[in-house]
Amino acid sequence: VFFFLMIRRPPRSTQSRSSAASDVYKRQEYMGNISLEMQNNQGYFAKYFQQSFVQCADSSQTSLSDNSFDNLSQAPDFDALELEQAPNINKFPRKPPGFEVLMNQVRAISKKTDSVKGFRFEVGAGASNNFHVTSSWNVNPEKKRPDAPVGSYAITAQYLMGELRTYFDQPKLILTGRMESTGALQAAIIKKIGDRANLRISAQYPNQDISYSQVHADLDIDGEDYTHSVKYGTGIIATSFMQSIGEKLVCGFELFNLAERKMSGINYALRYKPSPKHHFFLSQIKYADMFQLAYLLKLNKTTQLITEFTVNPESGDTKTIVGYRQRFTHSEVTATIGSNGKVSSVLNFQGAAYSLKLSAIADYIKETYKFGYGISIGQVM
């Protein structure tokens with residue numbers, strides 16, 4: 001069964017405070033993506049699940065997971081990152097996004113370009129609307145460890161319980177799992193409880209040493225104009241609350257306690273939307289030592305511009321990213337420029353039964369250049 005999963009990472013005893021906090025923050029990103037899937041099902045959940053854990057496999061990596069759609073053939077016409085604005089899908093049109101996914105529209109651009117490095121080949125097929133399997137082969141010449149294999153193989157499976165005839169049908173239960181040739185196992189379960197609650201359970205187990213295992217449970221409760229979440233898991237207890245104030249403002253907080261790091265505190269976030277084109281974001285994540293300001297400009301239905309400013313209050317380090325996304329009929333272009341000297345871009349082509357992805361990252365300060373391309377055939381999750 002695919003319930004238990006693993007992220008390979010260094011022992012807890014060797015993690016620094018910043019590394020451990022980064023792990024927690026990345027897990028927040030992953031679990032936030034899962035909550036979106038209860039409304040937008042089919043292949044999206046498995047793709048978010050797969051990319052999130054690939055990005056988080058190295059605990060020292062600071063980039064976040066990719067939260068955009070890679071398989072454009074599966075994407076409906078509406079923007080899935082704004083499902084809370086679609087009353088025909090959401091029974092509570094004023095319900096705000098959760099604390100973990102509030103800035104997903106910005107991250108869909110600013111974090112997208114780190115998703116492909118080297119070569120990736122994927123083949124996917126669906127036995128039905130409820131069950132999908134994807135096999136992927138990855139070749140990354142950039143080895144993080146001398147003994148790490150250059151290539152790897154992974155198989156991802158997803159089962160959605162319930163009648164799913166359209167994109168607007170919601171599954172009653174989602175089971176997803178991923179197994180890699182490196183020995184890593186990954187899985188999660190989502191159970192819809194009535195019209196107002198979702199239960200999400202994930203577990204993490206290593207290839208050999210079970211002492212590194214993690215188990216997490218999240219309960220999300222939706223109201224007409226609020227969302228509430230409770231988390232309990234290995235090393236973390238947290239609760240968050242987001243409230244809509246009028247039609248333009250969403251704000252909220254998260255209380256957390258990290259037992260292993262003996263750290264507790266409060267995080268906060270808000271979104272101000274004076275018009276459908278202009279979105280302003282603010283958040284503070286204490287356990288990641290991060291304060292963020294962001295701005296999203298929607299020029300039209302297919303063109304978006306973002307600016308993201310991040311500062312570490314303790315060290316004083318700052319980072320700014322300017323991003324651009326343009327969607328066409330059968331393709332999509334995403335590009336970012338960072339104040340750290342990194343320029344990156346991703347180009348997606350979508351055919352009738354295949355998709356092609358090309359990416360390039362240039363770091364002019366470190367004088368490094370990375371390229372990647374991926375080919376997907378069939379219905380890839």
For the residue pair [X] and [Y], establish whether any side-chain heavy-atom pair is separated by less than 4.5 Å.
X      : Y      : result
Pro171 : Met161 : no
Tyr373 : Leu347 : no
Glu100 : Asp218 : yes
Tyr324 : Ile109 : no
Phe280 : Pro274 : yes
Glu308 : Gln292 : yes
Ser110 : Ile306 : yes
Tyr287 : Asn267 : yes

message = If you take the centroid of each ring, where Trp contributes its six-membered ring, are Tyr295 and Phe281 closer together than 6.0 Å?
response = no
Which pairs, with at least one residue in residues 128-137 and sequence neighbours excluded, count as a salt bridge (Lys or Arg N to Asp or Glu O under 4.0 Å)?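 Residue pairs with at least one partner in residues 128-137: there are none.
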List the steps and the verdict of side-chain contact (heavy atoms from CB on, under 4.5 Å) for Tyr232 and Leu219.
CA-CA 9 Å; Tyr232 180 78; Leu219 178 63; over 6 Å; no
When rounded to the nearest 0.5 angstrom, what is the spacing between [atom1] in [X] and [atom2] in [Y]?
X      : Y      : atom1 : atom2 : value
Asp222 : Lys95  : CG    : NZ    : 4.0 Å
Phe253 : Ser283 : CZ    : OG    : 15.5 Å
Lys277 : Leu305 : NZ    : CG    : 11.5 Å
Asp289 : Gln284 : CG    : CD    : 9.5 Å
Lys111 : Ile321 : NZ    : CD1   : 4.5 Å
Leu270 : Ile245 : CG    : CD1   : 9.0 Å

Over all heavy atoms of both residues, which pair between [X] and [Y] is shortest? Give the atoms and the distance, please.
X      : Y      : value
Thr227 : Pro97  : OG1-O, 3.7 Å
Ser244 : Val250 : OG-CG2, 3.9 Å
Met242 : Pro96  : O-CG, 3.6 Å
Phe291 : Tyr268 : CE1-OH, 3.6 Å
Ile266 : Lys286 : O-CB, 4.3 Å
Ala238 : Glu254 : CB-OE2, 4.2 Å

Review point. Will you find, in the side chains of Thr134 and Thr156, an N or O donor that is under 3.5 Å from an N or O acceptor?
Key: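 Thr156 and Thr134 do not have a side-chain donor-acceptor pair below 3.5 Å.
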Only residue of Arg200, Arg196, Lys192 satisfying side-chain hydrogen bond (donor to acceptor under 3.5 Å, both in side chains) with Asp220 is Arg200
The single option from Lys357, Glu122, Gln350 that satisfies side-chain hydrogen bond (donor to acceptor under 3.5 Å, both in side chains) with Ser376 is Glu122
- [ ] Please check if atom OH in Tyr153 has more than 12 non-hydrogen atoms from other residues, nucleotides or ligands closer than 6.0 Å.
- [x]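 Counting neighbours around OH of Tyr153, more than 12 heavy atoms of other residues, nucleotides or ligands fall under 6.0 Å, so yes.
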Is atom CD1 of Ile337 surrounded by more than 12 heavy atoms (other residues, nucleotides or ligands) closer than 6.0 Å?
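Not buried by this count: 12 neighbours or fewer within 6.0 Å.
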Same apolar cluster: [X] and [Y], side chain cutoff 4.5 Å:
X      : Y      : answer
Phe371 : Tyr364 : yes
Val311 : Leu282 : yes
Met179 : Phe131 : yes
Phe328 : Tyr354 : no
Ile201 : Ile221 : yes

Sidechain-backbone polar pair: [X] side chain, [Y] backbone, donor-acceptor under 3.5 Å:
X      : Y      : value
Thr239 : Ser229 : yes
Asn138 : Arg120 : no
Asn130 : Leu160 : yes
Gln243 : Asp225 : yes
His228 : Ser240 : yes

Margin query: What verdict does the side-chain contact (heavy atoms from CB on, under 4.5 Å) test give for Ile285 and Phe99, after you've listed the backbone C-alpha separation in whole Å, the side-chain angles of each residue and the deciding distance to 0.1 Å?
Written below: CA-CA 11 Å; Ile285 309 298; Phe99 183 88; 4.0 Å; yes
**Study point:** Lys/Arg N to Asp/Glu carboxylate O, Arg94 vs Glu247, below 4.0 Å
**Key:** yes
### Message
Under the criterion side-chain contact (heavy atoms from CB on, under 4.5 Å), I'd like the reasoning laid out for Tyr272 against Lys248: C-alpha separation, chi angles, the key distance, then a yes or no.
### Response
CA-CA 6 Å; Tyr272 177 64; Lys248 299 180 179 180; 4.0 Å; yes
Problem set entry | Full working for side-chain contact (heavy atoms from CB on, under 4.5 Å) between Ile375 and Phe119 | CA-CA 8 Å; Ile375 302 175; Phe119 172 73; 4.3 Å; yes
